[in-house]
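Proteins get letters first, then strands, A, B, ... in listed order; numbering begins at 1 in each.
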Number of protein chains: 2
Amino acid sequence: MSSETGIAIGSEPLSASIKRLLLDRIVNGDYGPGERIVESRLAKELEISQSPVREALRDLAAMGMVEIESRRGARVRQPTAKELRDVSEVRSEIDALAARLAAPRLSADAMEELRTAHSDMTACLEAKDYVGMTEADANFHRIIARESGNEAVERVFSQLEPFARTFITLTSPDVELGGILRQHGGILDALMDKDAGLAAERARAHQLSVRDAFFDDSGAVEEFLNGSDH
Amino acid sequence: MSSETGIAIGSEPLSASIKRLLLDRIVNGDYGPGERIVESRLAKELEISQSPVREALRDLAAMGMVEIESRRGARVRQPTAKELRDVSEVRSEIDALAARLAAPRLSADAMEELRTAHSDMTACLEAKDYVGMTEADANFHRIIARESGNEAVERVFSQLEPFARTFITLTSPDVELGGILRQHGGILDALMDKDAGLAAERARAHQLSVRDAFFDDSGAVEEFLNGSDH
DNA sequence: TGGCGAGGAATGGCCGACAAACTGCAGGGA
DNA sequence: TCCCTGCAGTTTGTCGGCCATTCCTCGCCA
């Protein structure tokens, strides 16, 4: 389960719960691209005040998931195909750096985590559980980012990661997911061999192949390409 | 002038003005590292309500300039030397990517901007105007990021850039600033030759040399290294 | 003497309300 | 017919206030 209607989780601030709720709705496509999110309306729907909603929207704007124009409100950011490519391109460098840094310092525990994430993903693919697969996929890369020991890498990664989720949600059946798994396997192998250079190169190639998928495999994404090119 | 006491600028939201004000105070060192920023106190000082202050703090937290703990308030983030190194390392990849992408598509206007930023920086160095120099420095790199045509590069860059300013503020007289200028010159030349590979390599080397400055040149920063190394 | 719990002050989180700003539309004049 | 102007509805940005939690101090008890 990801999230139903319930919001409160323990003593966590309301705004954080709302942020997660909105993120879920966005990456799952409940909110259409470009759709407007009205603070007061959402507040009424959730039976809370405007303030926490406002804060959640600000956080999402900082992540780039929504766009806020002064005095004109927030709307779900529709990443153009170009932007998703842009993000993948940056990810190719970030993930390569992460892999290079992580390789020599991977603990046995972390390797175990990576193997688990990888087999989770394999299982999800066989079960055709694409949502679960995106989560496992994100997890795989997140572990590497964390194990890089570089806080800036972690932060940048977590900012860019939601875009990847949007991608897979949009293109799920079209993309050759088995290829992603194989690439992950290659990265995993290189990391276990503590071959930093190879791991970095494979991580980079992986993201670049994701980038290129936006052209070839996905008709669904292409329709977003509305004059964003110069 | 950067900002005095006045806050309002045109019809811009209050929170944005406050954000700039706080950023100024932080990078200029008016707020000590780790110092607490109390919402109600600041609101009273500026004779406004809590809400815009709160929002500004949230924005700064998203940038990593302050740290907010739930129910425990905000404090100025003190980047450890390790973290500044981390950021520089990420920047080395981001800036290299930016330079590589920008090289083949640089317009004449953009090149002119770059030359201007470079000579501004030179002038500031001669005038020993270190604050102006940080601004010109930031500008130089920002132009390249913008001209990369990759929105994700731009966004990530703008998130990481304030850390660099902290760096120079902290280390101003200690670092061999002339070296930075020479490196900028090298990047500029490569860009004008539209040599993407060379520009990228020089941009990367530039940031890595910044990273290494945290060890050699600055005693002021070293005191922050409190067990953050593993 | 030292640890521990009660009590008070400080402060963040959330609320409900309101004014200013923006949007869209209708009506009048060129 | 087209553009400018005024009006009404909607929504943001800001306000002031209240409650709950956290932090700190002080007195109690072992």
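Judged by distance alone, with hydrogens and angles left aside, the side-chain atoms of B:Asp95 form no donor-acceptor pair with the main-chain N or O of B:Ala203 at under 3.5 Å. Side-chain N or O atoms of B:Arg77 include one that pairs as donor or acceptor with a backbone N or O of B:Gly64 at under 3.5 Å. A donor-acceptor pair is defined here as one N or O able to donate and one able to accept, closer than 3.5 Å; no such pair exists between the side chain of A:Arg36 and the backbone of A:Arg75.
To the nearest angstrom, C1' of D:dG13 lies 13 Å from CD of B:Glu12. We find that NZ of B:Lys44 is positioned 12 Å from P of C:dG12, with the value rounded to whole Å. Atom pair A:Ile68:CD1 and C:dA21:P shows a separation of 19 Å (rounding to whole Å applied). In this structure, B:Arg71 atom CZ and D:dC23 atom P are separated by 12 Å, rounded to whole Å. For the pair B:Leu46 CG and D:dC15 P, the computed distance is 10 Å after rounding to whole Å. At whole-Å resolution of the value, CZ in B:Arg58 and P in C:dG12 are 11 Å apart. Remark: C1' of D:dC15 and CD of B:Glu47 are 14 Å apart, rounded to the nearest angstrom. Distance, A:Gln50 CD to C:dG13 C1': 15 Å, rounded to whole Å.
Here the side chain of B:Glu39 is nearest to one of C:dC14, C:dG12, D:dG13, namely C:dG12. The side chain of B:Ser40 lies closest to C:dT11 when the candidates are C:dT11, D:dG16, C:dC14. The side chain of B:Ser70 has C:dG13 as its nearest neighbour among C:dC14, C:dA17, C:dG13. In this structure, the nucleotide among C:dC14, D:dG13, C:dG12 sitting nearest to the side chain of B:Val38 is C:dG12. Side-chain atoms of B:Arg36 lie closest to C:dT11 of the nucleotides D:dG13, C:dT11, D:dC15.
When all heavy atoms of B:Val210 and B:Ser88 are compared, the closest pair comes out as CG1-OG, 3.9 Å.
Using a 4.0 Å heavy-atom cutoff across all strands shown, A:Arg72 reaches sugar-phosphate atoms only and no base atom. Counting any heavy atom pair closer than 4.0 Å across all strands shown, B:Glu55 reaches no nucleic acid atom. Backbone-only contact: A:Arg41 has heavy atoms under 4.0 Å from sugar-phosphate atoms and none from a base.
OP1 or OP2 of C:dG13 has at least one side-chain nitrogen or oxygen of B:Arg54 nearer than 4.0 Å.
Between A:Asp86 and A:Lys82 there is a salt bridge, since a side-chain N of the basic residue sits under 4.0 Å from a carboxylate O of the acidic one.
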